[in-house]
Undergrad: 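The structure is given below, and queries will be raised subsequently.
Read the numbers this way: they start at 1 and go in the same order the structure lists the ligands and their atoms. These numbers were taken from a predicted model, which means no experiment stands behind them.
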Amino acid sequence: MHNHLSRRSFFGMAAATAAAAAVPILTEPQLALAQRRRIMRDIPPGAVRIDANENPLGPCSGACAVMASLLPEGGRYDDDLTFKLINTFASIEGLKPEYILAYAGSSEPLHYTVLAFTSKDRSLVVADPSYEAPMYAAKMSGAKIVKVPLTSDYAHDARAMAAADPNAGVLYICNPNNPTGTITSREQIEYALANKPKGSILLVDEAYIHFSDATPSLDLVKADKDLIVLRTFSKIYGMAGLRCGFAIGRPDLLAKIQTYGMNMMPILAVAAATNSLETPDLVPQRRKINTDIRTDTFSWLAANHYKFIPSQTNCFMVDTGRPGKEVIAAMAAKNVFIGRVWPVWPTYVRITVGTRSEMDKFQTAWKEVMSAPASATHHSIHHAPTTLARLGGRDLPRGAEKILS
Ligand SMILES: Cc1ncc(COP(=O)(O)O)c(C=O)c1O
């Protein structure tokens, strides 16, 4: 009964918001989950989950303590906590609070920015491969999507992106990039800002910036340039399930995305985020943990002659030399769930940096899978019944299956 009702209301919502679009806006966890569900209905206990760029460390201990003490207040809407979070971030970054909006994660402002600044007349320009969510949002707004290949060093090609379409509405720059974990230089971002089509904006997604040496773009916001920067607490801060993120931009740009509505913030996430920002060693400590495990994984991959793209974040791509989807299924059969394939590079799979013990299990399974001939890999695929992926407790409409397959 419950399922039936929620499915109906989901279809209703999808139809109402997007007459022309067959597919809802899908995000990283939903794409990861859809892939898992295609292989196996339920993830077995003890599985290694390195498919969704999550942080296995979770929220820091101070954040956990603050949330525990705040639990009894859960019956209250509490905007003061959100103001405190925004003011804390503003003072750390030297920004005016009115240049910051808080959301339950960065997905919402990402979608709203694309919806607000693209249309059937104003396209979305993205790198290829890059994070897919903006493309789903552009499909909703009926916008053309222009894909520009990454450069040979896996940066965004700012020159080509700026020139890709004179009617562009948004140039999306994911810095560092998901899935490659590679960075785009300050010069490239400045070039894109200076040369983008009139009336367009840059959307600079800094979800993974804390892991890397990439230069943040917040000072360009301070200088009132035409860009919106996204930040999230889902990655280095380990709060993906708690949900907290920011859109940072000139107030007139933020006003455009606010027309899509502002939900009240979840108070536990807000308090945890504030505590995380106030914990000075947190980012450098976690960055070092991630870098050390990633570097060791790269040494192992190199020693075993596997081809990978050097990344600066908590994910990286490896070339399997065979259809990546077969390797994903064969790894899942060994209880190691790795990330997806991007259509432009069908033999590459994305791996998230997990804990040391998770990466040890990854290495064991990887070696077994990759030392079997490609055809043997194929035979070892566990064929789950093809069911519609269930996400957020709801079934996806059929159109989504095609995109996800
Ligand atoms: C590049 C990028 N942007 C945005 C997001 C959205 O994350 P969240 O909504 O959890 O902040 C993700 C999630 O993985 C991502 O990879």
Side-chain angles (χ1 to χ4, degrees), residues 24-36 49-56 58-59 85 89 100-115 124 126-138 150 154-156 170-184 202-212 214 216-217 228-248 257 260 263 265-266 268-270 272-273 276 290 311-317 337-340 342 350-354 391-392:
I25 303 173
L26 299 171
T27 61
E28 174 62 51
Q30 295 167 333
L31 292 163
L33 199 57
Q35 172 173 284
R36 284 185 205 161
R49 292 161 53 164
I50 46 174
D51 58 352
N53 289 357
E54 294 158 325
N55 187 338
L85 169 65
F89 185 69
I100 305 163
L101 292 176
Y103 288 89
S106 60
S107 292
E108 260 180 283
L110 189 163
H111 303 161
Y112 297 162
T113 304
V114 176
L115 292 174
L124 170 74
V126 291
D128 193 22
S130 190
Y131 183 46
E132 306 96 320
M135 291 195 281
Y136 289 111
L150 293 174
Y154 308 105
H156 288 57
V170 173
L171 277 58
Y172 174 73
I173 295 184
C174 190
N175 194 31
N177 192 35
N178 178 6
T180 50
T182 46
I183 65 177
T184 295
L202 288 197
L203 178 57
V204 181
D205 187 338
E206 297 188 342
Y208 301 94
I209 193 117
H210 307 95
F211 292 111
S212 76
S217 289
I228 291 178
V229 175
L230 299 174
R231 287 285 179 93
T232 183
F233 288 87
S234 296
K235 304 302 172 185
I236 206 146
Y237 295 108
M239 289 178 38
L242 289 163
R243 315 301 300 136
C244 195
F246 294 131
I248 306 132
I257 68 175
Y260 291 87
N263 209 341
M265 290 292 287
L268 298 186
V270 168
S276 302
N290 177 70
S311 146
Q312 292 202 13
T313 67
N314 69 338
C315 69
F316 56 91
M317 298 209 90
F337 289 78
I338 59 170
R340 59 188 178 276
W342 268 251
R350 191 196 64 195
I351 317 285
T352 301
V353 177
L391 300 169

Undergrad: If you measure every N/O of Tyr131 against every N/O of ligand 1, is any gap under 3.5 Å?
TA: no
Undergrad: Salt-bridged, Arg340 to Glu132, with N to O below 4.0 Å?
TA: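 Salt bridge: yes.
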Undergrad: Can the ring centres of Phe246 and Phe89 be said to be less than 6.0 Å apart?
TA: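 Centroid distance Phe246-Phe89: below 6.0 Å, so yes.
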Undergrad: Considering only the protein, which heavy-atom contact is closest to atom 9 (O) of ligand 1, and what is its distance?
TA: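 The closest one turns out to be Ser107 OG, 2.6 Å.
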Undergrad: Minimum distance, heavy atoms only, to atom 11 (O) of ligand 1: which one of Asp205, Thr313, Thr352, Thr232 is it?
TA: Thr232
Undergrad: Against heavy atoms of Tyr208, which atoms of ligand 1 measure under 4.0 Å?
TA: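 Once the distances to Tyr208 are compared, the set is 1 (C), 14 (O), 15 (C), 16 (O).
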Undergrad: Under a 4.0 Å threshold between the charged nitrogen and the carboxylate oxygen, would Asp51 count as salt-bridged to Arg36?
TA: yes
Undergrad: Determine whether any heavy atom of Thr27 lies closer than 4.0 Å to an atom of ligand 1.
TA: no
Undergrad: Out of all atoms in ligand 1, which are within 4.0 Å of some heavy atom of Ser234? Include the element for each.
TA: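 Once the distances to Ser234 are compared, the set is 8 (P), 10 (O), 11 (O).
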Undergrad: Between Arg243 and Glu108, is the closest basic N to carboxylate O distance under 4.0 Å?
TA: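 Looking at Arg243 together with Glu108, the answer is no, because their closest N to O distance does not fall below 4.0 Å.
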Undergrad: Test your reading of the model: is there a side-chain donor-acceptor pair from Thr182 to the backbone of Ala155, 3.5 Å cut-off?
TA: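 Absent.
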Undergrad: Below 4.0 angstrom from a heavy atom of Glu28, which ligand 1 atoms are there? Numbered from 1 as shown, please.
TA: 13 (C), 14 (O)
Undergrad: Do Asn177 side-chain atoms and Pro129 backbone N/O form a donor-acceptor pair below 3.5 Å?
TA: yes
Undergrad: Given that the side chain starts at C-beta and the backbone is N, CA, C, O, which of these parts of Glu108 lies under 4.0 Å from ligand 1, counting heavy atoms, or is it both or neither?
TA: neither
Undergrad: Give a yes or no answer on whether the side chain of Thr232 reaches the backbone of Ser234 with a donor-acceptor pair at less than 3.5 Å.
TA: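 Pair found, side chain donor or acceptor close to backbone of Ser234.
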Undergrad: Is it the side chain, the backbone, both or neither of Ser106 that has a heavy atom closer than 4.0 Å to ligand 1?
TA: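 The answer is both, backbone and side chain.
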Undergrad: Are any of the N/O atoms on Lys235, whether in the backbone or the side chain, positioned under 3.5 angstrom from an N/O atom of ligand 1?
TA: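 Checking ligand 1 against Lys235, an N or O pair does fall under 3.5 Å apart.
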Undergrad: State the atoms of ligand 1, each with its element, that fall below the 4.0 Å cut-off from a heavy-atom position in Arg243.
TA: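 Answer for ligand 1: 8 (P), 9 (O), 10 (O).
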Undergrad: Is ligand 1 less than 4.0 angstrom away from at least one heavy atom of Cys174?
TA: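 Flag set, Cys174 near ligand 1.
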Undergrad: Just verifying a value: how many Å separate Cys315 SG and Glu54 CD, rounded to the nearest 0.5 Å?
TA: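 Cys315 SG to Glu54 CD: 12.5 Å, rounded to 0.5 Å.
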Undergrad: Is it the case that the side chain of Thr352 and the backbone of Asn53 share a donor-acceptor pair, with hydrogens and angles ignored and the cut-off at 3.5 Å?
TA: yes
Undergrad: Answer with side chain, backbone, both or neither: which part of Asn53 has a heavy atom less than 4.0 angstrom from an atom of ligand 1?
TA: neither
Undergrad: Counting each atom of ligand 1 from 1 as listed, which ones have a heavy atom of Gly105 under 4.0 Å away?
TA: 9 (O), 11 (O)
Undergrad: Please classify the Phe233 to ligand 1 contact at 4.0 Å (heavy-atom distances, strictly less than): side chain, backbone, both or neither.
TA: neither
